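Below: the structure, in C-alpha cells.
One-based numbering along the sequence shown. On a predicted model such as this, the values are computed, not experimentally measured, just so you know.
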Amino acid sequence: MAASGAPAADVPVHPTEETAMVSGGGESRDWPATTRYSLSGAPGELGLVQDFLNTIEEGSAAPPDLLATLPAAQEWADEVRALWSSLDEACWGRDLPPLTESDRRRLLAIRRRLFRGLFPTTTEDGGPTDVQAHAGVRLTLSRGEVSAEPTGRGWAQFESALLLICYRARLAGHLRRLKTCKSHECDVVFYDRSPNNSAVWHDVRLCGNRANVRAHRARHPGRAAVT
C-alpha cells in the first residue's frame with residue numbers, strides 16, 4: 001500500500017505555526033509500538049499516529065496486537081500519553097481517562113479507519129474505498145490567526161486529535177513520508193527519511209529480501225530455491 005490521503009477539505013491555517021506544531025521541534029521519540037520493529041518514530045506528534053497504527057499484530061515478525069486486551073491497551077496508552085504530553089504544548093492527551101472495554105473497541109475501529117484513510121485500498125468491485133472518520137475539530141479565528149483543537153471527550157477526542165495531527169503533517173510535508181511496508185504480508189508503518197522519499201520496505205533485510213527471493217523463484221521456477 002502506498003502512502004496517500006488527507007482530509008478532503010483544506011482549512012486555511014498559518015503554515016509556520018502548523019509546521020512547528022507537527023514537527024515538535026523536529027524531535028523523534030522512542031514510541032513503544034514502533035520500536036518493536038526497530039524503527040525510529042516519525043517527527044514530533046506524527047510519531048503518535050505512526051505508533052497507534054503499529055499496535056497491529058504484523059504478519060511476519062508477529063509481535064502481539066497491543067490493543068487485543070484491555071490490560072495491554074492500557075499499558076500502551078499510559079506510555080504514549082506520557083510521550084505525547086512531552087510534545088504537545090496544548091496538552092490534548094493530558095486528561096485522557098483510563099480505558100474501558102468500550103474504549104478499547106473504539107480504538108480498534110479508529111485504527112481500521114486510519115489505515116483505510118491514510119493508505120487507500122480498493123473494494124471487491126475495484127472501486128475506491130471511501131472512509132469518513134467520526135471525529136471533529138473546533139476552529140477559532142482570532143487576530144488573523146486560525147487555531148484548531150480536537151473536539152469530544154476522553155477517547156472520542158483522541159481520534160479528532162489524530163486526524164488534526166495528520167492534517168498538520170500534510171501542511172508541513174511530512175504525511176506523504178508516512179508509509180506502510182510494500183510487503184503483502186506486512187502492514188508495519190514507517191517514516192521514509194530517504195532524500196527522494198523512495199523507500200518501500202519497513203525493513204529491507206527482512207521484507208525486501210523475501211520479495212527478492214519470491215521474484216527470483218518466479219523467474220526461475222526450475223531452479224533450486226535461493227536462501
Which heavy atom of [X] sits nearest to which heavy atom of [Y], and what is that distance?
X	Y	answer
G44	W31	O-CZ2, 4.0 Å
P150	S160	CB-CB, 3.4 Å
C166	V49	SG-CG1, 3.9 Å
G154	P97	CA-CD, 3.6 Å
G144	L141	C-CD1, 4.1 Å
P32	R36	O-CG, 3.4 Å

Interatomic distance, [X] atom [atom1] to [Y] atom [atom2] [nearest 0.5 angstrom]:
X	Y	atom1	atom2	result
L53	R111	CG	CZ	8.5 Å
L99	E101	CG	CD	9.5 Å
L175	R170	CG	CZ	8.5 Å
D65	I56	CG	CD1	8.0 Å
R168	E45	CZ	CD	7.0 Å
R113	L108	CZ	CG	11.0 Å

Judged by atom type as modelled, is there a donor-acceptor pair below 3.5 Å linking the side chain of [X] to the main-chain atoms of [Y]?
X	Y	result
T151	G136	yes
K179	N197	yes
T140	S147	no

Under 3.5 Å, is there a donor-acceptor pair between the [X] and [Y] side chains?
X	Y	result
R29	S86	yes
W76	D51	yes
D30	T35	no

H174 vs Y191, side chain to side chain contact (heavy atoms under 4.5 Å, CB included): CA-CA, chis, key distance, verdict: CA-CA 9 Å; H174 299 323; Y191 187 78; 3.3 Å; yes

So do [Y] and [X] actually touch side chain to side chain, heavy atoms under 4.5 Å?
X	Y	answer
L46	Q50	no
R104	W155	no
V137	L139	yes
T180	V188	no
S40	R193	yes
L178	F190	no
D103	F158	no
L107	F52	yes

Charged N-O contact under 4.0 Å between R106 and E159: no

Electrostatic pair K182:D187 at N-O distance under 4.0 angstrom: no

Neighbour count >12 (heavy atoms, 6.0 Å) for atom CD, E75: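 At most 12 heavy atoms, drawn from other residues, nucleotides or ligands, come within 6.0 Å of this atom.
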
L48 vs L83, side chain to side chain contact (heavy atoms under 4.5 Å, CB included): CA-CA, chis, key distance, verdict: CA-CA 9 Å; L48 172 64; L83 284 169; over 6 Å; no

